[in-house]
Amino acid sequence: MGRIPPKFFKRDPVTCARELIGAGFHWQGCVGRIVETEAYASVGDPACHTWSRTGAREFVKRHQAGDAYVYLNYGMHWLFNILVKGDEASGFVLIRAVEPVAGLDAMRERRPGMKNHLLGAGPGRLTRAFGIDGSAHGSSFLDQPECGISRGKSVEIVTGERIGISKAADFPWRFGDPTSASLSRRF
DNA sequence: GCCAGGATGTTA
DNA sequence: AACATCCTGGCG
């Protein structure tokens, strides 16, 4: 299974988000199978940070496709995004859920008592299980030896409305593997 | 099982 | 003041 290069993210956010379902997410010894993502677009998407945050627009300008965009949400959850920067469009893919594949011991150590299938079942949960925080912000993680994304088997992919937002809540830019037990919510 | 409420920090 | 969330406790 090949590694996904930064070039993968030189397209549009919706395509990238959809194609990441089933891929492997690798982070310092932990591996998860991506089962849920969302797309956010730099232009025309009121739910994207670039809509209202100057810092997010700066980030898109200064960073490369495939770099990590990590931020703290609701004062307590780190959310992990990947910068998408194509010629025609740019934005982010939010990794919303993964199924734990390897490094389960390390994950359980960070989440004592949590059921295995829930360790990555949500954008805040997965960063906690994988030990991801703000120090990953801006990193070119695809190029790091211990981190990155690998191609997976193709699976059935369903589409839905993005979760937890108030603006542009009707954009069907949530993607997932409906058979997974590790979704943040049912489709 | 469902729902209400609270924790908590950064942005603008 | 809003926010790309999660957990707990109350109630059935």
Side-chain angles (χ1 to χ4, degrees), chain A residues 9 12-21 25 27 32 34-63 66-85 89-100 107-139 141 149 157-177 180-187:
Chain A
F9 294 96
D12 74 276
V14 175
T15 302
C16 292
R18 166 179 277 279
E19 293 190 7
L20 283 175
I21 301 301
F25 179 64
W27 195 270
I34 299 173
V35 295
E36 185 181 340
T37 61
E38 281 177 358
Y40 290 84
S42 292
V43 176
D45 179 8
C48 187
H49 280 184
T50 53
W51 186 263
S52 54
R53 289 155 86 134
T54 59
R57 292 193 288 270
E58 279 300 301
F59 186 94
V60 174
K61 269 190 220 165
R62 298 197 204 282
H63 284 79
D67 287 358
Y69 178 83
V70 183
Y71 73 99
L72 190 61
N73 196 32
Y74 292 101
M76 53 182 82
H77 303 291
W78 293 106
L79 268 59
F80 187 87
N81 301 255
I82 303 168
L83 174 60
V84 177
K85 203 173 170 185
S90 60
F92 302 95
V93 175
L94 169 65
I95 309 298
R96 279 197 62 89
V98 303
E99 280 175 5
M107 295 186 200
R108 277 192 294 261
E109 205 162 307
R110 298 184 194 103
R111 298 310 307 261
M114 177 140 286
K115 297 276 190 190
N116 284 354
H117 75 280
L118 294 178
L119 283 166
R125 285 175 174 164
L126 78 90
T127 53
R128 180 122 172 243
F130 279 67
I132 297 171
D133 61 21
S135 63
H137 185 54
S139 65
F141 78 105
I149 297 181
I157 298 171
V158 293
T159 299
E161 294 181 350
R162 295 178 294 183
I163 290 179
I165 55 173
S166 51
K167 293 175 291 190
D170 57 325
F171 288 27
W173 286 0
R174 175 181 178 229
F175 302 99
D177 172 356
S180 175
S182 297
L183 297 172
S184 70
R185 253 167 61 177
R186 302 279 168 183
F187 275 85

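Protein chains get the first letters and strands the later ones, always in sequence-line order, with residue 1 at the start of each.
- To the nearest angstrom, P of B:dC3 lies 11 Å from CZ of A:Arg185.
- Positionally, the nearest nucleotide of DNA chain C for A:Ala47 lies more toward the 5' end than for the other of A:Ala47 and A:Arg111.
- One can place CE of A:Met76 at 15 Å from C1' of C:dA4, the figure rounded to the nearest angstrom.
- Other residues, nucleotides and ligands contribute over 12 non-hydrogen atoms within 6.0 Å of the CD atom of A:Glu58.
- Counted within 6.0 Å of CZ on A:Arg110, heavy atoms from surrounding residues, nucleotides or ligands total more than 12; the atom is thus considered enclosed.
- Looking at heavy-atom distances under 4.0 Å, A:Leu94 makes contact with a base.
- With a cut-off of 3.5 Å on both Watson-Crick or G-U wobble distances, the partner of C:dA4 is given as none.
- Here B:dT10 presents its P atom at 14 Å from NE2 of A:His49, a figure rounded to the nearest Å.
- Of the candidates C:dT5, B:dT11, C:dC7, C:dT5 carries the atom nearest the A:His77 side chain, counting heavy atoms from C-beta on.
- Formation of a donor-acceptor pair under 3.5 Å by the A:Ser139 side chain with backbone atoms of A:Ala136 is found in this model.
- Closest to the side chain of A:Thr54, out of C:dC7, B:dA12, C:dC6, is B:dA12.
- Among the nucleotides B:dA12, C:dT5, C:dC3, the one closest to any side-chain atom of A:Arg53 is B:dA12.
- Contact annotation: A:Arg174 side-chain N/O to C:dA4 OP1/OP2 distance is not under 4.0 Å.
- Rounded to whole Å, atom P of C:dC3 lies 18 Å from atom CZ of A:Phe92.
- Comparing atom distances between the A:Pro123 side chain and each of C:dA4, C:dC6, B:dA7 picks out C:dC6 as nearest.
- No donor-acceptor pair under 3.5 Å is formed between the side chain of A:Lys167 and the backbone N or O of A:Cys48.
- Regarding A:Asp133, its CG atom lies at a distance of 14 Å from the C1' atom of B:dG9, rounded to whole Å.
- Here A:Ser52 lies in heavy-atom contact (under 4.0 Å) with sugar-phosphate atoms only.
- The NZ atom of A:Lys167 sits 11 Å away from the C1' atom of B:dT11 (whole-angstrom rounding).
- A:His137 places its NE2 atom 15 Å from the C1' atom of B:dG9, with the value rounded to the nearest Å.
- A side-chain donor-acceptor contact under 3.5 Å links A:Arg96 and A:Ser184.
- Nucleotide C:dA4 holds its P atom 15 Å from the CH2 atom of A:Trp173, rounded to whole Å.
- Lacking a ring centre under 5.5 Å from that of the base six-membered ring together with a plane angle below 30°, A:Tyr74 does not count as stacked on B:dA7.
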